[in-house]
> 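Mind looking over this structure? Questions follow.
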Amino acid sequence: MQIATWNVNSLNVRLPHVLGWLAENPVDFLCLQELKMVDEKFPLAALQEAGYDAVFAGQKTYNGVAILRRIARTPAAVATQINLPTFADEQKRVIAATYGDVRVICAYFPNGQAVGSEKFAYKMAWLAGLQTWLQAELTQYPKMVFVGDFNIAPDDRDVYDPVEWAGQIHCSEEERTAFKNLLALPLHDAFRHLEAGDKHYSWWDYRQMAFRRNRGLRIDHILVSDALLPHVSRCWIDKTPRKLEQPSDHTPVIVEIN
DNA sequence: ATGGCGGTATGTTACCGA
């Protein structure tokens with residue numbers, strides 16, 4: 001089974017990239033963030049033509065999340081959950097569904113803007129709600145994959161310039177502690193399970209040729225539960241779509257679970 | 001210190017993202 005996560009920064013603009021990527025990478029599940037579209041605009045027909053079904057939670061202009069499943073290889077979604085039951089939110093940042101005995105959760109964490117800002121307080125409150133909910137989810141679903149754009153770089157290996165970013169948004173102690181709290185549930189960072197090195201990023205700023213200079217952050221993650229960890233055989237970042245014309249600033253992260 | 005780039009709507013500029 002292969003599960004991928006990708007912040008597409010507008011599914012309207014990036015649909016050709018998504019379809020092209022799925023043709024090359026026929027993963028079982030693809031979790032998307034930042035759809036930036038209302039549900040009425042969701043391109044379900046085009047995805048179905050490509051062999052994928054979806055559950056989705058859209059929103060105008062901002063946010064929006066979806067889980068795509070390969071129809072031929074996966075059971076239909078049941079117990080679909082939109083947003084955190086533990087945190088009242090107008091913004092669409094979470095979608096979860098169960099496929100067979102595997103719970104797939106797709107999240108777009110708040111950005112936080114700047115440490116100490118109102119948006120940072122929102123991020124931390126959202127994270128507290130997330131922690132409580134995931135703890136309950138784990139008791140119900142031992143086989144869990146929790147993926148998405150976390151907007152947290154877990155440690156300095158995940159940052160192109162840790163000195164410049166020290167204490168800044170995505171790298172602050174508060175955010176990194178929240179990430180560690182997720183690992184304590186326990187959940188496991190599939191990428192770090194297999195790769196200890198630095199300079200592996202999932203996001204690069206559009207400006208200042210950041211991608212070409214590999215000035216990026218690893219902020220898109222795949223966490224797996226205890227029951228699935230022994231079955232994780234690969235986890236990698238696919239930089240290919242970041243090289244296309246008009247790319248998303250994020251690129252897919254994929255896990256293989258046998 | 002600021003803006004850089006890109007997407008979107010409030011639309012020829014502002015807001016947000018990271």
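Throughout, protein chains are lettered first and strands after them, A, B, ... in sequence-line order, and every chain is numbered starting at 1. Worth knowing before you read on, the calculation uses all heavy atoms, side chains too, and leaves out hydrogens, waters and symmetry mates.
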> List the steps and the verdict of side-chain hydrogen bond (donor to acceptor under 3.5 Å, both in side chains) for Arg218(A) and Ser202(A).
CA-CA 5 Å; Arg218(A) 192 176 72 93; Ser202(A) 63; over 6 Å; no
> Which whole number of Å gives the distance between the P atom of dG4(B) and that of dA14(B)?
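Comparing P positions in dG4(B) and dA14(B) gives a spacing of 12 Å.
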> Pick the P atom in dA18(B) and in dT13(B), then give their distance to the nearest Å.
26 Å
> List the residues meeting side-chain hydrogen bond (donor to acceptor under 3.5 Å, both in side chains) with Lys143(A), not counting sequence neighbours, and say none if there are none.
Asp101(A)
> Could you tell me whether Gln246(A) contacts a base, only the sugar-phosphate backbone, or nothing, with contacts defined as non-hydrogen atoms closer than 4.0 Å?
sugar-phosphate
> Tell me, which pairs form a side-chain hydrogen bond (donor to acceptor under 3.5 Å, both in side chains) where one or both residues lie in residues 20-47 of chain A, sequence neighbours left out?
Thr5(A)-Gln33(A), Asn7(A)-Glu34(A), Asn9(A)-Lys36(A), Trp21(A)-Asp238(A), Asp28(A)-Arg73(A), Glu34(A)-Tyr108(A)
> With the sugar-phosphate defined as primed atoms, P, OP1 and OP2, and the base as all remaining atoms, what B/S/- string results for nucleotides 10-18 of chain B, 5' to 3', for protein heavy atoms under 4.0 Å?
B-----SSB
> Regarding Arg176(A) and Asp156(A), does a basic nitrogen lie under 4.0 Å from an acidic carboxylate oxygen?
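The answer is yes: the pair qualifies as a salt bridge.
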> Any side-chain heavy atom of Glu173(A) sitting closer than 4.5 Å to one from Val115(A)?
no
> Going by the side-chain contact (heavy atoms from CB on, under 4.5 Å) test, name the single residue among Leu47(A), Thr74(A), Leu44(A), Ile67(A) that passes it with Asp53(A).
Leu44(A)
> Going by side-chain hydrogen bond (donor to acceptor under 3.5 Å, both in side chains), name the residues that satisfy it together with His188(A), two or more places apart in sequence or in a different chain.
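For His188(A) the side-chain hydrogen bond (donor to acceptor under 3.5 Å, both in side chains) partners, ignoring immediate neighbours, are Asp226(A).
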> Determine the interatomic distance between C1' on dA1(B) and the same-named atom on dG6(B); round to the nearest Å.
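My reading of the C1' atoms in dA1(B) and dG6(B) gives 23 Å.
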> Under a 4.5 Å cut-off applied to non-hydrogen side-chain atoms, are Val94(A) and Asp89(A) in contact?
no
> Give me the distance, rounded to whole Å, that separates dC16(B) from dG11(B) when you measure between the C1' atoms they each carry.
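Per the computed distance, 15 Å lies between those C1' atoms.
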> Once you round to the nearest 0.5 Å, how far does CG of Leu35(A) lie from CE of Met37(A)?
6.5 Å
> When you look at CD of Gln135(A), are more than 12 heavy atoms from neighbouring residues, nucleotides or ligands closer to it than 6.0 Å?
no
> Given the P atoms of dT2(B) and dG7(B), what is the spacing between them in whole Å?
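One P to the other, the span is 26 Å.
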> Check each residue of residues 175-183 of chain A for a non-hydrogen atom within less than 4.0 Å of any atom in DNA chain B, then write out the ones that pass by number, or none.
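Hits under 4.0 Å, by residue number: none.
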> Report yes if some heavy atom in the side chain of Ile222(A) is under 4.5 Å from a heavy atom in the side chain of Ile3(A); otherwise report no.
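With C-beta onward as the side chain, the pair stays apart.
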> Using a cut-off of 4.0 Å on non-hydrogen atoms, how would the nucleic acid contact of Arg14(A) be classed: base, sugar-phosphate, or nothing?
sugar-phosphate
> Specify the residues of residues 152-163 of chain A, ordered by number, for which at least one heavy atom lies under 4.0 angstrom from an atom of DNA chain B.
none
> Which value, in whole Å, describes the distance between the C1' atoms of nucleotides dT10(B) and dC15(B)?
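Roughly 9 Å separates the two C1' atoms.
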> Taking the chi torsion of dG4(B), is it syn (within 90° of 0) or anti (everything else)?
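Base orientation relative to the sugar is syn.
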